Amino acid sequence: MTEIKKQSVHARLSQSKATALANLQVGADRALAVWRNTHDLVTYEETDGHTFSFYLAGGKGVRRLDVNSDPGWPGAVCVMPQGHTSLWEVQERIEFLHVYLSDRELRRLYAHTFDKDARLLEVVEQTFVTAQGQLGQVFGQLHQAVYSQNTLLAEEAIVSFFSESMMHRVLGEAKMPSLTGGLPPKKLKLVKDYVMANLSQQVSLKELADLVGLSEYHFQRNFTAQCGVSPHAWLTALRVDKAKDLMRSDMRMADISEACGFANQSHFTRTFKGQTGATPGAYRKGC
């Protein structure tokens with residue numbers, strides 16, 4: 001059997017008749033795009049990453065052919081989870097916004113925001129549903145961010161989007177009676193508290209593993225399953241979050257870099273841009 005090569009929805013649309021009107025990369029695992037398409041047939045197969053779609057204009061001439069769906073409308077929302085497969089017919093001109101999140105970033109957000117096991121997060125496939133609560137307004141902020149190329153606004157809107165999506169069950173929690181592996185709550189808290197107290201220092205995997213009495217291999221495997229990302233990625237995200245907070249003060253960039261535990265300013269700039277899509281200087285200007 002030939003293995004299917006997974007493509008992101010963005011990559012697949014780039015091969016269709018659709019035109020990308022604007023793109024914004026918000027770090028390595030998050031991106032936004034505004035698309036226009038008309039008179040096209042689009043197939044997605046075993047997609048890589050999660051895609052959330054919001055129709056800006058048109059939609060009544062769009063149907064999903066692989067399921068019995070009603071046509072869309074301006075303001076409709078579609079959710080295409082990682083591994084999604086579908087076939088779409090576009091009979092009229094449409095414009096739509098896409099939010100792209102990697103699976104690891106979505107689970108990191110979930111674990112970090114709600115202090116829950118990342119394996120509980122469930123992304124539910126949805127075709128043409130109404131944006132509930134403030135979700136429509138948040139999509140508007142994301143639309144504004146991608147056209148203004150404002151990564152700070154995009155970051156804030158992505159966090160709001162995640163919270164609203166959880167609240168209105170665009171995302172949900174799987175009904176799992178029990179989870180195997182992972183760290184006991186007290187030990188996980190011990191690790192997180194230690195990391196927060198030592199952000200300005202170099203923290204090794206062995207230090208964290210020793211805290212909970214595990215080998216480095218077993219600690220990393222359990223932590224990654226539970227938190228959605230590796231201990232190193234978790235620590236890096238916390239350092240970048242702390243740097244964002246400090247940028248709202250008049251603290252010098254060199255001092256911020258040191259306070260957040262980066263090896264040097266070059267390391268700080270490279271890591272910060274990789275996480276947010278903007279250099280520290282550009283990000284600070286938007287604060």
Side-chain angles (χ1 to χ4, degrees), residues 25-31 101-118 151-156 158-159 162 182-287:
Q25 192 72 35
V26 192
D29 295 307
R30 296 168 290 176
L101 294 171
S102 72
D103 187 65
R104 81 170 209 153
E105 174 61 10
L106 202 60
R107 294 186 188 281
R108 185 196 71 81
L109 273 172
Y110 175 75
H112 181 68
T113 304
F114 300 105
D115 198 24
K116 292 185 177 182
D117 195 304
T151 53
L152 178 58
L153 177 60
E155 277 206 318
E156 293 172 348
I158 285 171
V159 171
F162 177 77
L183 301 172
K186 286 185 179 180
K187 289 191 174 183
L188 183 61
K189 184 178 186 304
L190 180 65
V191 169
K192 290 182 176 180
D193 288 347
Y194 183 85
V195 167
M196 288 301 298
N198 292 277
L199 277 181
S200 63
Q201 308 299 318
Q202 294 303 309
V203 178
S204 71
L205 184 64
K206 186 176 185 305
E207 282 178 74
L208 300 180
D210 287 346
L211 275 177
V212 294
L214 291 174
S215 69
E216 294 172 51
Y217 169 77
H218 284 98
F219 170 72
Q220 177 160 305
R221 186 179 65 176
N222 284 306
F223 185 96
T224 302
Q226 202 163 355
C227 298
V229 291
S230 69
H232 177 264
W234 183 276
L235 176 59
T236 299
L238 290 177
R239 283 180 168 148
V240 169
D241 284 345
K242 182 177 179 180
K244 292 176 192 173
D245 290 338
L246 293 177
M247 280 182 200
R248 290 174 169 82
S249 70
D250 58 1
M251 196 171 181
R252 295 188 313 130
M253 283 295 190
D255 294 333
I256 292 175
S257 173
E258 184 177 349
C260 296
F262 293 101
N264 49 54
Q265 254 187 292
S266 175
H267 177 225
F268 173 40
T269 299
R270 185 172 64 254
T271 303
F272 192 92
K273 187 174 182 181
Q275 290 276 312
T276 67
T279 64
Y283 190 93
R284 183 173 233 173
K285 287 179 182 177
C287 291

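Remember, it's a predicted structure, so these values are computed and weren't measured experimentally.
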All side-chain hydrogen bond (donor to acceptor under 3.5 Å, both in side chains) counterparts of [X], not counting sequence neighbours:
| X | value |
| --- | --- |
| Asp115 | Lys192 |
| Thr271 | His267 |
| Thr236 | none |
| Asn222 | none |

* To do: Could I get the full list of ring-ring contact (aromatic ring centres under 6.0 Å, His included) partners for Tyr110, not counting sequence neighbours?
  => Phe114
* For the residue pair Ala118 and Ala111, what are the closest heavy atoms and their distance? -> CB-CB, 4.3 Å
* Structure fact -> When every non-hydrogen atom of Ala233 is compared with those of Val229, the smallest separation belongs to CB-CB, 3.8 Å
* Asked: With sequence neighbours left out, which residue pairs that include part of residues 263-281 fulfil the salt bridge (Lys or Arg N to Asp or Glu O under 4.0 Å) condition?
  -> none
Contacts of [X] that satisfy side chain to side chain contact (heavy atoms under 4.5 Å, CB included) - sequence neighbours left out:
| X | value |
| --- | --- |
| Glu216 | Leu205, Lys206, Ala209 |
| Asp241 | His112, Lys244 |
| Ala154 | Leu24, Val26, Leu32, Ala145 |
| Ser200 | none |

* Tyr194 vs Glu207 side-chain heavy atoms within contact, under 4.5 Å -> yes
Considering only distance and modelled atom types, tabulate donor-acceptor pairs under 3.5 Å from the side chains of residues 275-287, sequence neighbours left out.
{"residue": "Thr276", "atom": "OG1", "partner": "Phe272", "partner atom": "O", "Å": "2.9"}
{"residue": "Thr276", "atom": "OG1", "partner": "Ala278", "partner atom": "N", "Å": "3.2"}
{"residue": "Thr276", "atom": "OG1", "partner": "Ala278", "partner atom": "O", "Å": "3.1"}
{"residue": "Thr279", "atom": "OG1", "partner": "Ala282", "partner atom": "N", "Å": "3.2"}
{"residue": "Tyr283", "atom": "OH", "partner": "Glu155", "partner atom": "OE1", "Å": "3.1"}
{"residue": "Arg284", "atom": "NE", "partner": "Met247", "partner atom": "O", "Å": "3.1"}
{"residue": "Arg284", "atom": "NH1", "partner": "Met251", "partner atom": "O", "Å": "3.1"}
{"residue": "Arg284", "atom": "NH2", "partner": "Ser249", "partner atom": "O", "Å": "2.9"}
{"residue": "Arg284", "atom": "NH2", "partner": "Met251", "partner atom": "O", "Å": "2.6"}

* Mind checking what makes salt bridge (Lys or Arg N to Asp or Glu O under 4.0 Å) contact with Arg239, not counting sequence neighbours? -> none
